[in-house]
Every structure is written in structure tokens, then in C-alpha cells.
Student: 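Here you go, one structure.
Note on naming: letters A, B, ... go to the chains in the order of the sequence lines (proteins, then strands), and numbering restarts at 1 for each one. Note that this is a predicted model, so its numbers are computed, not measured.
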2 protein chains.
Amino acid sequence: MEGGGPVVMPSRVVASRVPAVPAVPAVRKRGRPTADERRAREAQILAVALRVFLASGFGGATIDEVAAVAKVTKRTLYAYFGDKDALFVAMIKDLAVGVSLDAATDHGTLEALAANIIVRVHSEELVGLHRLVIAESVRFPELPRILYTHGDARHIARLAEHIRAERGTEHEALAEPLFSLLLGERHRRRLLGLTPPPTPAQAAEHAEWALGVLGLARRR
Amino acid sequence: MEGGGPVVMPSRVVASRVPAVPAVPAVRKRGRPTADERRAREAQILAVALRVFLASGFGGATIDEVAAVAKVTKRTLYAYFGDKDALFVAMIKDLAVGVSLDAATDHGTLEALAANIIVRVHSEELVGLHRLVIAESVRFPELPRILYTHGDARHIARLAEHIRAERGTEHEALAEPLFSLLLGERHRRRLLGLTPPPTPAQAAEHAEWALGVLGLARRR
DNA sequence: CTAGAATGACACTACATCGTCTCATTATCG
DNA sequence: CGATAATGAGACGATGTAGTGTCATTCTAG
């Protein structure tokens, strides 16, 4: 547990929903920008790139579209990120870090954590990210590890912490199978686009069930 | 070597990253083929397409490479399958059916079946197929359902049959969570290319463990 | 206030690749 | 034994897109 993690600039506005990016000031002015403007523009490009890549995949997405939606010219985009590959990698890394930060903000019982994890891993954002990384794992072999380290691994670690604190050290090893049970077939179907994400109520119910199956139900 | 005639540099050397093309009878003869030859050629194209698509993904794979490796001309390939999309869909469907047939040939105890399933779902072929379908699920929305129906769904159904026959009807509902536990985090990591497939011994051991966790160990 | 950094606008090059077309050739089928 | 279907060979057109060059313009930095 790297307790004091690196200070990450919260420049990225977590695009909770994909539909639109109206939160962008659409400032298309010329001339040399201030340092703040530059950071904002970079974050904006990354957010738009996420949307476009999620919608069309790496191959289907075009730089022109990213530039157009982000309200910058290709010239600027290339000045910031070099090329399409670098933009893609930067976008994935940025998002993975954001996911990691999100995951670090939970508190509560093991039951609540479990339900929370179920909801999170089924979210449009994480599922889409997973699909993208799987699809391009041949071209970008470093991305799967980044995603896993910041995603599943953190979830499992947090489950382990709670199990140890609330159920005893001897059950800590159940964190990983618990995670598998929490996701279950539903998540596999979700990755394939066959099932919608569960409601919070469904997630809570499933979490209770999974904890019961593994002998981790409250009060023992 | 190329002393006399005009040295024509091949505009692009087909980068066959495709591993070991199966002994393809390089019989590249002209003329009208017999019905058997036609069927064989079609199967050959599908087999080659699988390897090429697995190696490069849908976007990365080129028709030229498929045609070259399959030892047919693009002309023939298009005559058989119409276009790249149709070839891709035909290839996936063909493979899914094959997978389904494989899954129908198991017999033995629940323990053996479980271990067998673990090995199978971690195989290069199925993992690659999964990646392809996930990657192109936006472009080809019908493929995920085909894959799931012929893959996971059959595995779960077979587990349910064995549970009912060997453990009693009351435990049949555990087939799905059992499947999730059998795959576990290892399969998620495998999909991301982070872990090699398990050995048969590891699979058997993990199967025993999973059955035990769910109270499905032999002789309850 | 000045220098020059950064950008918009956008034409333009380079290149890959899908899918078609032409022609000669071969073998099957009626 | 023709008529013709099917193929090999490979050029070719059409299309899309990554990435660059150029020039004027705007505005920060110092």
C-alpha cells in the first residue's frame, strides 16, 4: 500500500456520462494560452478522446473527429500528444488513474463496499475502458497491466482490508474469490453487451448473497 | 537473382505475423473446382481468417493477407464471402459452432468436467475469440450472443446437469456461481493477456477448491 | 513594449487498403 | 466435346485518414 500516493492534479473532469461534453467552454481563441488554459485544453482533449474512442474503438476513431469535437485543430492536438497512439495511451492512463482515485474514496461496511464495487465495475465507463484495452492489448501491451493494477487489484485489496478488519485475518484470502463471485456471469455478459448494469438494489442483494456463500456474512 | 528484368519492389510485403499456417495444400490450381474442392477451400479460408484476425484484430487484419496466406486470390475470396464484414461474421459463427460441438463431448464426474471447463475457457482459441468479439461488439452486435450461447451458456448448462445428477436437484442453481468461481480472476487476467493458461493440474486443483467452497465437494 | 510562442485554418502529401475489373487459363458438367 | 463456371494473376480506382506545412493572427511572458 503506497500510502502517500503521488499528488495528481485533479485537472481531469471525470466524465461520468458519455453522451455530451457541453461542460467544455468551447473557447476557440487563438494566440498563446496561459498555463491554466493549456492544462484545461489538455484535459478537454483527453475527455473528448475518451468519448470518441469508446464510441468507435481505436481503429474506428479518427483524429479529425477528436479535434473537431474538442474544438481544437489537429495541429494543436498533435502538438500536445504527438500521434494517435500516444493520445490513446495518455487517455487510458489518465482514466485508469481517475478510476483508481475514485476507488480510494469508499468507506463503510464490507457489505456496502461489495455492493459499491459491483455497481462500479458494471459502469459504462469501466466496461468501455475494459473493452478498449482488451481490443488493443496486442498493439498496446502495457495498458492491460495498468488497467488491472488500478482497477481489479485495488478492489481486491480493499476487500481484503475490510475482511481482515471486520471478519478476521484468517479470511483475507477470500477477497479474490469474493471479487469473482461479486462480478459473476453478469459482468461477463455485460462486457459482451448482453446485459444492462445492475441496479443498486440488485447489487446490494447480490453482494449479500456472495458474502453468505463464502461464509463472510455479518455476525460470525 | 534479379539481374535482368525490371526489379519490381513489392509495394508491401505481407507481414504474416500469423503463426504456423496449418499444412495448406498449396495446390493453387486454376479452373473450375469440384464440389469437394470448393468446400475444402471455403474451410481453408475460414481457418486462415481465424488466425489472421486473431493475430491482428479485425481492423488490423487485411484481406490481402488472408488471401495470401490462404493461397487464394482476393477475387476468389470475395466470390465466397462478399466482403470483409461477412468473412468476419462467417468465421466467428463457424468457430462458435465448433466450440459448441467440442463442449458436447465431455463425460465424467463433476470434478473432471469442472477442470475440463477451466482448461477450455483459458485456451488460446477461446480467449482470442472472446477478445475479438468484445472488441467488435459495437460493429457486430449479434456476435456476442452467438458466442455466449455456444460457450458459457453451454458450460453452465452442463455443470447444472452434472450437479443435478451427482449432487441433487437442490444444488442446481449453483451452476452459474460455480462457473464464475472456476474462471475467477485468473480468467480476467488471461483476457487481458496478463497470465498464461493454467496447467491441467492447476485446473484440477482449482476445480476441487471451487467445489468445496460452494459445498459441492464429493460425497456431501 | 517587444519577441515569439501557440494557435486557427486548411490545403496537402503520403499511404494503406477495400473492393472491382480485365484477361487468360483450366477443368467440370451437360 | 464444347460451353461455361471458376479461378489465378495482378493492376486499378476509390476512399479514408494519419500526419505535416504554411501563414496569418492573437496573446502571454518578461
Student: In whole angstrom, give the distance that lies between atom CZ of B:Arg41 and atom P of C:dA27.
Tutor: 12 Å
Student: Taking the basic N atoms (NZ, or NE/NH1/NH2) and the acidic carboxylate oxygens, is any pair closer than 4.0 Å for B:Glu124 and B:Arg190?
Tutor: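 Yes, charged N to carboxylate O under 4.0 Å.
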Student: Run the ring-ring contact (aromatic ring centres under 6.0 Å, His included) test against A:Phe58 and tell me which residues pass, sequence neighbours left out.
Tutor: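 Per chain and number, A:Phe58 pairs via ring-ring contact (aromatic ring centres under 6.0 Å, His included) with A:Phe53, A:Phe88, A:Phe140.
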Student: Does any N or O in the side chain of A:Gln44 come within less than 3.5 Å of the main-chain N or O of A:Ala70, such that one atom is a donor and the other an acceptor?
Tutor: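 Yes; at least one donor-acceptor contact below 3.5 Å.
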Student: Could you tell me the separation between the CZ atom of A:Arg38 and the C1' atom of C:dA6, rounded to a whole number of Å?
Tutor: 8 Å
Student: Return the nearest nucleotide to the side chain of A:Lys74; candidates are D:dA18, D:dG21, D:dT7.
Tutor: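 Minimum distance to the A:Lys74 side chain belongs to D:dA18.
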Student: Grab the CD-P distance between A:Glu37 and C:dG8 for me, whole Å please.
Tutor: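 About 11 Å, once rounded to whole Å.
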Student: Whole angstrom is fine here: how far is it from CD1 in B:Ile63 over to C1' in D:dA14?
Tutor: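 Interatomic distance, CD1 of B:Ile63 to C1' of D:dA14: 16 Å.
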Student: Under 6.0 Å from the ring centre and within 45 degrees of the ring axis: does the NZ or CZ of A:Arg38 meet both conditions for the six-membered ring of A:Tyr80?
Tutor: yes
Student: With a 4.0 Å cut-off on N to O distance, would you call A:Arg39 and A:Glu42 a salt bridge?
Tutor: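 No.
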Student: Rounded to whole Å, please give me the gap between CG in B:Asp36 and P in C:dC29.
Tutor: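 Atom CG in B:Asp36 sits about 10 Å away from atom P in C:dC29.
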Student: Go through the side-chain N and O atoms of B:Arg186 and B:His206 and say whether any donor and acceptor fall under 3.5 Å apart.
Tutor: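 B:His206 and B:Arg186 do not have a side-chain donor-acceptor pair below 3.5 Å.
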Student: Round to the nearest Å and state the distance from B:Gln44 atom CD to D:dT7 atom P.
Tutor: 12 Å
Student: Give the residues of residues 79-90 of chain A touching DNA chain D, defined as any heavy atom closer than 4.0 Å, sorted by residue number.
Tutor: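 Correct list: A:Asp83, A:Lys84.
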Student: Find the distance B:Asp64:CG to D:dA9:P and express it as a whole number of Å.
Tutor: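 My rounded result for the distance is 14 Å.
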Student: Hey, does the side chain of A:His162 reach the backbone of A:Gly108 with a donor-acceptor pair shorter than 3.5 angstrom?
Tutor: yes
Student: Would you say a side-chain N or O of B:Thr62 is under 4.0 Å from OP1 or OP2 of C:dA16?
Tutor: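 The answer is no; no side-chain N or O of B:Thr62 sits under 4.0 Å from OP1 or OP2.
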Student: B:Thr73 side chain N/O closer than 4.0 Å to the phosphate oxygens (OP1, OP2) of D:dG10?
Tutor: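 For D:dG10, neither OP1 nor OP2 has a side-chain N or O of B:Thr73 closer than 4.0 Å.
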Student: Quick one: B:Tyr78 OH to C:dG19 P, roughly how many Å, whole number?
Tutor: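 Checked: the OH to P distance equals 4 Å.
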